[in-house]
Amino acid sequence: MTSTDWPLWEVFVRSRRGLSHTHAGSLHAPDAEMALRNARDLYTRRSEGVSIWVVPSASITASSPDEKDPFFEPAADKPYRHPTFYDIPEGVRHL
Amino acid sequence: MTTMAPDTGSYEAVFDAAVAADERIEPRDWMPDAYRASLVRQIAQHAHSEIIGMQPEANWITRAPSLRRKAILMAKVQDEAGHGLYLYSAAETLGTSRDELLDKLHSGRQKYSSIFNYPTLTWADVGAIGWLVDGAAITNQVPLCRCSYGPYARAMVRVCKEESFHQRQGYELLLTLSRGTEAQHAMAQDAVDRWWWPSLMMFGPPDGESAHSAQSMAWKIKRHSNDELRQRFVDICVPQAESLGLTLPDPDLRWNEERGHHDFGPIDWAEFHEVLRGNGPCNDQRITRRRQAHEDGAWVREAAAAYAGKHRDTQGEAGA
Ligand SMILES: [Fe+2]
Ligand SMILES: [Fe+2]
């Protein structure tokens, strides 16, 4: 038996309290507990994290890069969602 | 990927435009088969080098002269294992598997850096490796942080952060020996004499003879040519050797005012190709040790998988 039987896990690390977990990389492990231990040894050897999430890579649903443009299209023509869209006279403050 | 046959041309245009705009290519993007193959070859060779590279240094862990040096060396060797794992993960995003990569290493179908086929004869070699071998690796790897393939570039950022400790501990080790007794100084000099030329070979064959260079640079996998990086490394090392109170074993090494670089003597490429062909001092030893370690670990992998399977069954979860 070899490591192909070990699923791939994505590792997310919170670098310090108050920040979100961010993707650090991936690793193979037989189960969640071992994935956590391996992630600690692999991605936090220099105190890079205070909390780790591991997620089976197979459980992630991703948007397809092929439909990138149409998928994100709805946001492209709505500049009025940004504050810079609006003209405000010089000198008006706290706005 | 799904039905792309009628449309490969436009996919290729998107890929070319992304590379031209210095954007990163990500795993699920369309990419030319040759780009994918070239990356797998390079990342696999890089990953193998990291884990084979653990051997020459691990050779000295039990004989480190102090607890401080021993702790440092263990941390460094552990880092190299980590670098191998980051890189194997990056390679796997291209559709190969960990087992396939290890198989190819063990059967000699994929290579690792020929530098690791040289033996570590004395404690000073640990210093020379840190200073010169990790130093050459850093010179190679820093530009790879901007490689066009996202997962490889990200792995390199992580690796480069960790490498600077490797180089500095080696330099400090050599400095301590160089300033020590006459015998210690001689040991440091001897190590530098043996590692200098193989380190220059780490940058690969001269530009004219480098099989993959031109295409890799067009794809922005590589950003600088072999000779360019080699020259950069030589220029960095000369003043560092002076500060160490050690010399570099090259009678032709001198500053060239006109070029603004150091000239250096010819590299023995016959030796390089011999080592590459498998006839270096330690080729057999390295691969035999690697296979042995893999076989010795088989029961651990089996036990962990069996435990995970049993746990899954009793919890009634779906198998992964
Ligand atoms: Fe490394
Ligand atoms: Fe290193």
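Proteins come first, then strands; the chains are lettered A, B, ... in the order of their sequence lines, and each starts at number 1.
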_Under the criterion side chain to side chain contact (heavy atoms under 4.5 Å, CB included), I'd like the reasoning laid out for His311(B) against Glu33(A): C-alpha separation, chi angles, the key distance, then a yes or no._
CA-CA 11 Å; His311(B) 207 66; Glu33(A) 196 187 329; 5.8 Å; no

*Residues, nucleotides or ligands: over 12 heavy atoms within 6.0 Å of Lys310(B) NZ*: no

*Between Arg154(B), Glu162(B), Glu26(B), Lys161(B), which shows the greatest number of heavy-atom pairs under 4.5 Å with chain A?*
Glu162(B)

*Step through the shown structure and confirm whether more than 12 heavy atoms of other residues, nucleotides or ligands are within 6.0 Å of CZ on Arg24(B).*
yes

*Can you establish whether the number of heavy atoms outside Arg168(B) located under 6.0 Å from its atom CZ is more than 12?*
no

*asked:* Quick check against the 3.5 Å criterion: does Ser26(A) have a side-chain atom that pairs as donor or acceptor with the backbone of Ser89(B)?
replied: no

_Arg28(B) side chain to Ser63(A) backbone, donor-acceptor under 3.5 Å_ = yes

_Over 12 non-hydrogen atoms of neighbours within 6.0 angstrom of CG in Asp33(B)_ = no

*Step-by-step salt bridge (charged side-chain N to carboxylate O under 4.0 Å, His left out) determination, Asp79(B) to Arg46(A)*: CA-CA 10 Å; Asp79(B) 271 356; Arg46(A) 289 175 176 76; 2.4 Å; yes

_So, taking the atom named OH in Tyr88(B) and the one named NE2 in His28(A), what distance separates them when rounded to the nearest 0.5 Å?_
11.5 Å

*Return yes if some donor-acceptor pair links the side-chain N/O of Tyr86(B) with the main-chain N/O of Tyr43(A) below 3.5 Å, else return no.*
no

*Supply the atom-to-atom distance Arg98(B) CZ to Leu8(A) CG, rounded to the nearest 0.5 angstrom.*
8.0 Å

*For each of Gln78(B), Glu92(B), Arg158(B), Glu100(B), tally heavy-atom pairs with chain A at distances under 4.5 Å, and name the one with the top tally.*
Arg158(B)

*Counting only heavy atoms closer than 4.5 Å, note whether Ala24(A) contacts chain B via side chain, backbone, both or neither.*
both

_Portion of Ala29(A) that has a non-hydrogen atom of chain B nearer than 4.5 angstrom_ = neither

